[in-house]
There are 2 protein chains.
Amino acid sequence: MSAEDTDAKLARKALPMRAFSESLPMALLRTREAVMCLFRPGLRSRGVTEQQWRILRALAHSGSMEVTALAEATFLLGPSLSRILPDMEKRQLVSRRQVDSDLRRSMVSLEPKGLRLIALHAPDSEQIYAQIAKRFGVEQVTQLFTLLHELQDSLEEISRQHAKSSQRTSRKPPARARARPGGSR
Amino acid sequence: MSAEDTDAKLARKALPMRAFSESLPMALLRTREAVMCLFRPGLRSRGVTEQQWRILRALAHSGSMEVTALAEATFLLGPSLSRILPDMEKRQLVSRRQVDSDLRRSMVSLEPKGLRLIALHAPDSEQIYAQIAKRFGVEQVTQLFTLLHELQDSLEEISRQHAKSSQRTSRKPPARARARPGGSR
DNA sequence: CCTAGATACTTAACATCATAATCATCTGCT
DNA sequence: AGCAGATGATTATGATGTTAAGTATCTAGG
């Protein structure tokens, strides 16, 4: 055993830190990646990226939306949509038109081609969910969803609490739940 | 109500597709992002990125590691480490040395500065976990971890099954659980 | 030996994400 | 009206993830 190993092991014991495997962000990241590994091949084979698929799904689910609302729904940022939407327009998966009453806004709509793409891929997607349900258990899936949603709620409360308690020092609200420079991982 | 809205609503009813909010990848992504929103400010204030923090934690937990093992542990890719590690070396958070018995390999070790950084940040991190435990519930947290791990196991089984059944057509195994061009979102 | 293939890691090229800056438009106040 | 500030969206810039190609080293078979 090398000196570094020994040091690290001592360090691990001395540090008031949970095991790396008990990191919530890591667990969520790994799990999501594992799920996506099942879904990606099908999407890729149809020439759709994960982000484009989210846009199609959001539009199919909620109907035409403004860009900001679409960003919220798909969990993408404005700039990402500004790049992705023109591509999808060219491919006639979606269309856009200005809003008469406010020329800053534009409405994004699902086009027939986009709808067909969804219809084409949906069975595959559902089949994967069926496999998951079979292996993992239906109740387990619903339980997981419940926990994830509840955790999100709890986290939001904590954030609000932070915002409130730091109000004395900094005037600005913590803006909004988003990230930092660099990729998502 | 616009024609597009009507179309979309009809489409939604016609399509054999679950509600967008019941998308497992989305739920995991949103939850992870919500968690990271609590952790990021502390890391950022100490000049560490999320990825660098994962590297430090992995080294503190398991001791010195080769680059490949580190990639596995941190869920980063080799090229990312090739970019990140030199920076961390310059800042003396970690160090590297060639392995005598195999000059291709190099061992990455935690340096005192890195250890101090962990020690500095760990309390903050644990305090956030404490808040989560308080709001969300301790049993809920452990239950979530359990479900996430079990789901990963199930997904791996499904992947293996796919690999086996597609063995006739394509010789190559599905390699390994990784992603596609573009960022993580 | 010594050459072919495998392995560890790096470099390069490209796509994407995140922040900030910018542009256009709208709203409220005077 | 007319201007200041807010808001929707795009563009610009920098950092990261991913794939593929490249380099160096090791291992195995002739």
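Being a predicted model, the structure only gives us computed values, none of them experimental. Each chain gets a letter, A, B and so on, in the order the sequences are listed, and its residues count up from 1.
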Test applied, side-chain contact (heavy atoms from CB on, under 4.5 Å); reference residue, B:Ile55; option that passes from B:Leu110, B:Thr49, B:Val48, B:Leu70
B:Leu70
Looking at A:Gln51, I'd like to know whether one of its side-chain N or O atoms comes within less than 4.0 Å of OP1 or OP2 on C:dC17.
yes
Determine whether B:Ile132 and A:Leu151 satisfy the following criterion, side chain to side chain contact (heavy atoms under 4.5 Å, CB included), listing intermediate values before the conclusion.
CA-CA 8 Å; B:Ile132 294 175; A:Leu151 176 56; 4.0 Å; yes
Spacing of A:Phe75 atom CZ relative to C:dT16 atom P, expressed in whole Å
19 Å
Any side-chain N or O of A:Arg44 less than 4.0 Å from the OP1 or OP2 oxygen of D:dT18?
no
Could I get a table of every N or O pair under 3.5 Å where one atom is in the protein and the other is in nucleotides 1-7 of chain C?
residue: C:dT7; atom: O2; partner: B:Arg104; partner atom: NH1; Å: 2.6

Contacts of B:Arg104 meeting side chain to side chain donor-acceptor pair (under 3.5 Å) (sequence neighbours excluded), chain-then-number -> B:Asp102
Tell me the interatomic distance from B:Glu72, atom CD, to C:dA8, atom P, rounded to whole angstroms.
13 Å
Please report, rounded to the nearest Å, how far the P atom of D:dA15 is from the CG atom of B:Leu85.
17 Å
Whether A:Ser80 contacts C:dC17 is assessed here as follows: a side-chain N or O lying under 4.0 Å from the phosphate OP1 or OP2. Is that the case?
yes
Spacing between A:Met88 atom CE and C:dT16 atom P, to the nearest angstrom:
12 Å
For the atom pair NE2 (A:His61) and CD1 (A:Ile118), what is the distance rounded to the nearest 0.5 Å?
11.5 Å
Between A:Gln98 and B:Asp102, name the one whose nearest nucleotide on DNA chain C is closer to the 5' end.
B:Asp102
Would you mind reading off the distance between B:Leu76 atom CG and C:dC9 atom C1', rounded to a whole angstrom?
15 Å
In whole Å, I'd like the distance from the CG atom of A:Leu103 to the P atom of C:dT27.
10 Å
What nitrogen or oxygen pairs link the protein and nucleotides 12-14 of chain C at under 3.5 Å?
none

Tell me, please, which residues at least two apart from A:Asp153 pass salt bridge (Lys or Arg N to Asp or Glu O under 4.0 Å).
none
Only one of A:Ile158, A:Leu155, A:Leu147 forms a side-chain contact (heavy atoms from CB on, under 4.5 Å) with B:Phe136, so which one is it?
A:Leu147
Between D:dT16 (C1') and B:Leu43 (CG): distance, integer Å:
16 Å
Do A:Ser80 and A:Phe75 come within less than 4.5 Å of each other through their side chains, counting heavy atoms only?
no
Results of side chain to side chain donor-acceptor pair (under 3.5 Å) for B:Arg46 - residues two or more places apart only
B:His121, B:Asp124
Is the phosphate of C:dT16, meaning OP1 or OP2, less than 4.0 Å from a side-chain N or O of A:Thr49?
no
Reckon A:Arg96 has a side-chain N or O less than 4.0 Å from the OP1 or OP2 of D:dG8?
no
If I take atom CD1 in residue A:Ile84 and atom C1' in nucleotide D:dT11, what distance separates them, rounded to the nearest angstrom?
15 Å
Residues forming a side chain to side chain donor-acceptor pair (under 3.5 Å) with A:Thr68, sequence neighbours excluded
none
